[in-house]
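Computation of the quantities below employed the complete heavy-atom set of this structure, encompassing side-chain atoms and omitting hydrogens, waters and symmetry-equivalent molecules. This one's a predicted model, so the numbers in the text were calculated from it and none came from an experiment. Numbers restart at 1 for each chain; the letters A, B, ... are given by sequence-line order, proteins then strands.
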Amino acid sequence: MLDDELIERLQRGAFEYFVEHTNPANGLVADTSRDGAPASIAVVGMGLSVLVVASERGWLAREDAAARALVTLRFFESSPQGPDPAVTGYRGFYYHFLDRVTGQRARQCELSPIDTALLFAGVFTVVAYFSADTVDEKEIRTLGLELYSRVDWDWARNGKATIAQGWMPESGFYHYGWEGYSEASLLYALALASPTHPVPAASYATWSETYQWEHIYGSDLLYAGPLFVHQFSHAWIDFRNIQDAFMREKRSDYFENTRRAIDVQREYARRDPKQCGYSTDCWGLSAGDGPAGETKPAHGRERLFLGYSARGVPFGPDDGTICPTAALASLPFAPTHALSAVRHFLEIHPEWMDTWRLPSGFNRVSAGPDPRGWVSPGFFGLDQGLVVLMIENHRSELLWRLTRGCPAIRTGLQRAGFEGGWL
Amino acid sequence: VTGTPDRYDLVIVGAGAAGLITARAAIGHGARVALVERDVLGGVCLNVGCIPSKTLIRTARLYREMRDAEAFGGRAPTGIAVDFPAVMDRVRAIRARLARREPAERLRTMGIDVYAGHARFASSDSVVVGEVTLRFEAALVATGARPARPPIPGLDEAGYLTYENVFELREHPARLLVIGGGPSGCELAQAFARLGSQVTIVQNEPMFLGHEERDAAQLLSDALARDGVAIHLDTETIGVRREGKDKIADLRRDATAATVAVDQILVGVGHAPNVDDLGLELAGVAFDSTGIAVDDFLRTSNPRIFAAGDVCAGTGFPHIENAAGRIVVANALRSGHERLSAEIIPWCTFTDPEIAHVGMYVRDARRNNVPVKSFTVLMHEVDRAIVDGEEDGFVKLHVREGTAELLGATVVASHAGDLINEISLAMSAGLDLHALSRAHQPYPTQSQAIKMAAHAGVEHLSRGPTLPPAALGALPMDQKSDAIASGMVLARPDVQGDSS
């Protein structure tokens with residue numbers, strides 16, 4: 001199969017997740033395909049962006065995509081906000097997980113700034129894309145900007161320099177913030193650009209003080225272990241040739257940094273220090289599902305398996321679980337390596353071609369009835385959303401083009417000190 | 001002591017490690033020295049701290065290695081059973097053996113007047129021990145610290161262990177709760193888990209060893225989990241109660257509650273300085289609940305009184321006994337100006353793998369606008385570590401970017417406490433990456449990781465960094481062609497091609 005056909009099938013397969021697992025009444029998308037799964041607001045944000053891709057690819061009519069986006073935005077506009085535990089959000093933020101039917105907080109989860117930011121990345125995608133002078137598309141733009149103006153990003157600092165990782169109605173703010181390079185680049189861009197409740201520019205500078213510039217396996221890079229950290233913000237923001245103060249000092253950029261992170265992933269996989277069956281075509285340690293609870297002696301030592309967890313290289317954790325969608329989502333950065341890895345995965349698991357959808361994780365050294373190892377049952381929305389968006393950026397740069405023209409993204413990046421390139 | 005001099009050159013209150021080292025150093029300079037101790041010579045480190053815990057850790061490591069025998073091509077012994085009383089007997093035997101090396105008699109033979117009893121300052125230049133008044137030209141307060149007691153409701157009533165009494169245990173705790181994820185909490189949690197206890201550790205921060213680098217803490221977390229320790233990060237112990245023979249601890253992480261039933265609770269949440277009832281007010285020595293305030297010369301608010309070790313507030317260095325001895329002797333007896341900040345002081349947490357650090361942390365460098373780059377070598381890149389089955393960990397040399405200057409280092413490795421010494425020596429001697437890179441080493445050794453990291457740094461300096469095309473835009477025109485010609489710019493014609 002030619003690369004283009006393979007990519008098309010994988011993107012379409014991931015897109016179908018959103019068709020199958022979105023509540024048409026409110027636009028909420030399930031966190032996973034498993035029974036009883038709540039909605040995740042981050043997946044909803046990806047789902048909004050997926051609608052734009054589907055419209056461009058002709059998988060949905062533009063009017064249909066707009067109508068679906070409108071359902072979602074109307075839900076968030078009208079859903080209850082407040083300090084009580086049983087609502088949808090507070091101060092313009094939303095709870096990480098919501099009941100797919102009622103839209104209320106699920107699983108006693110946290111009010112989540114990062115997941116709210118991922119939601120708003122989707123909101124800004126539809127605001128930028130649906131620019132026509134129709135009733136629906138006008139309403140999309142109005143609602144999107146109104147929702148954004150409601151978010152009290154500055155409150156989320158809890159009086160400290162950096163943004164907290166969460167807030168609970170029962171116990172208040174988490175007492176720790178973001179440490180080290182992470183997917184919070186997107187969060188800070190949106191929080192800095194707010195017309196109503198921006199965080200100060202110093203907040204971003206303080207966060208970036210926790211960065212680690214390292215020389216690992218011959219590559220110089222801004223270190224973060226899990227691959228998703230090097231991908232999430234890039235699903236929407238084109239980081240090529242733009243630099244903040246840190247990257248100016250290091251004479252690099254965040255896009256190049258992700259390429260180097262992929263190099264480190266592949267080199268770690270080549271060395272395979274824990275003998276997990278990795279190779280330069282079997283890599284992708286990231287956040288994903290895992291065979292929790294299983295233990296198995298491996299090479300004379302007990303191996304401990306994690307559940308849904310952020311795995312990373314080269315410092316771990318590493319329990320032998322690969323997140324295949326993380327390798328596929330590397331397509332814009334290292335297309336040859338990404339496709340080579342995906343072809344390898346499909347050789348081991350040809351049944352994945354039945355749906356053309358990759359699972360959240362697989363583990364070749366864990367116990368189980370399948371001699372090929374454990375495979376995560378079902379699918380995770382975050383994985384599928386990232387696949388759709390990253391493939392689209394690889395194919396057409398659609399998301400990047402849209403957000404390059406988005407005032408909030410531009411302003412946020414500029415306030416964070418980014419210069420050069422398309423800025 | 002048969003006769004008390006009119007005035008001592010140096011009176012030392014506290015015969016722990018800092019007090020003993022300072023006393024010996026002062027005698028070596030011909031000073032008249034008095035050493036006062038209310039308990040036993042040797043202090044926390046010998047009696048209830050480093051020595052007993054490291055002894056316990058060694059035995060625990062042996063049990064781990066027995067269970068891991070197959071990983072080394074061996075056969076695991078069948079029916080591995082921990083003889084806990086024997087383990088603790090060895091702890092006490094080694095402590096007693098080391099204590100015999102420095103009896104009071106030996107100190108007296110050296111010329112040090114040793115006083116047994118509680119010392120209280122009576123004025124700015126005198127200390128009273130029992131009926132005896134010791135006048136001094138200079139004094140050192142080295143009374144150390146005791147375990148801090150967290151304000152957890154019900155803890156006192158339920159009873160708990162600290163590092164002061166855990167080594168007196170006779171009965172193996174089948175279930176142990178460790179409150180506190182600092183060095184001693186982590187060390188003992190892992191040791192007891194390896195000795196067969198079902199251990200739960202509770203830490204109210206998102207990672208262990210709050211001051212250490214995140215990657216080191218991550219590796220430690222993984223190691224504890226592998227040893228079967230149940231880990232509760234970001235979690236507070238909000239109450240303790242007794243139910244029959246069980247001690248029940250209520251835990252809370254944000255809105256999530258949990259309960260743990262254990263046989264023993266070990267508290268390791270830090271130290272409280274021993275400043276009470278020393279008469280510090282009469283001596284004009286400023287202190288508070290965090291300890292005695294000292295300046296960079298280890299001088300208190302009374303210029304003739306110095307303080308060193310855990311009794312000090314905010315000096316931030318554990319295990320500075322040797323440095324303290326030299327600084328106090330120089331500054332108190334020889335009008336010197338030796339500074340604590342000039343010392344290169346490494347430290348180590350003796351978990352498996354061990355976590356050692358020296359010099360500046362990356363976060364501190366960045367906060368102070370020092371451009372820093374870490375040259376990292378993973379232990380799985382090191383032949384000897386692979387041979388030894390000790391591949392978890394790394395060596396990171398933190399370097400002032402663009403130079404060969406060593407700012408600091410973090411080592412996570414099975415023997416990190418030994419490996420760090422080579423880097424510490426280099427920093428103390430003002431040596432840089434070039435020296436570490438050039439030094440010959442026997443092959444194969446784990447310290448090759450240091451040479452490999454240094455070599456990467458030196459190569460990097462000679463070659464220059466590789467730049468993405470974007471960086472060209474940031475360069476002045478006259479430097480662009482040089483950069484391209486030198487091969488500094490990566491080939492990236494478009495995003496369709498891979499970088500390697």
Salt-bridge criterion met for Arg226(B) and Asp392(B) (N-O under 4.0 Å): yes
Identify each donor-acceptor pair in which a side-chain atom of residues 200-208 of chain B lies under 3.5 Å from a protein atom, sequence neighbours left out, and give them as a table.
unit_1, atom_1, unit_2, atom_2, d
Gln203(B), OE1, Gly181(B), N, 2.9
Gln203(B), NE2, Met207(B), O, 2.9

Of the listed Arg363(B), Gln218(B), Glu213(B), the one with the largest count of heavy-atom pairs under 4.5 Å with chain A is Gln218(B)
Is the terminal nitrogen or CZ of Lys250(A) (NZ for Lys, CZ for Arg) located under 6.0 angstrom from the six-membered ring centre of Tyr181(A) and within 45° of that ring's axis?
no
Bottom line for Glu209(A): the part with an atom under 4.5 Å from chain B's heavy atoms is both
Bottom line for Phe375(B): the part with an atom under 4.5 Å from chain A's heavy atoms is both
If one checks every heavy atom of Glu419(A) against chain B at 4.5 Å, the contacting part turns out to be neither
Whether Phe255(A) and His234(A) hold their rings parallel, tilted or perpendicular, with breakpoints at 30° and 60°: tilted
If one checks every heavy atom of Asp222(B) against chain A at 4.5 Å, the contacting part turns out to be side chain
Classify the ring geometry between Tyr254(A) and Phe418(A) as parallel (under 30°), tilted (30 to 60°) or perpendicular (over 60°). tilted
When the 4.5 angstrom heavy-atom criterion is applied to Phe239(A) and chain B, the contacting part is neither
Bottom line for Val377(B): the part with an atom under 4.5 Å from chain A's heavy atoms is neither
Interface check, chain B: of Pro314(A), Gly166(A), Gly420(A), most non-hydrogen pairs under 4.5 Å belong to Pro314(A)
Is a salt bridge present between Arg64(B) and Asp352(B), judged by a nitrogen-to-oxygen distance below 4.0 Å? no
Cut-off 4.5 Å, heavy atoms of chain A, and the answer for Arg252(B) is neither
Determine the interplanar angle of the His398(B) and His357(B) rings, folded into 0 to 90°, and report it as parallel if under 30°, tilted if 30 to 60°, perpendicular if over 60°. tilted
Under 4.5 Å to a heavy atom of chain B? For Tyr211(A) that would be both
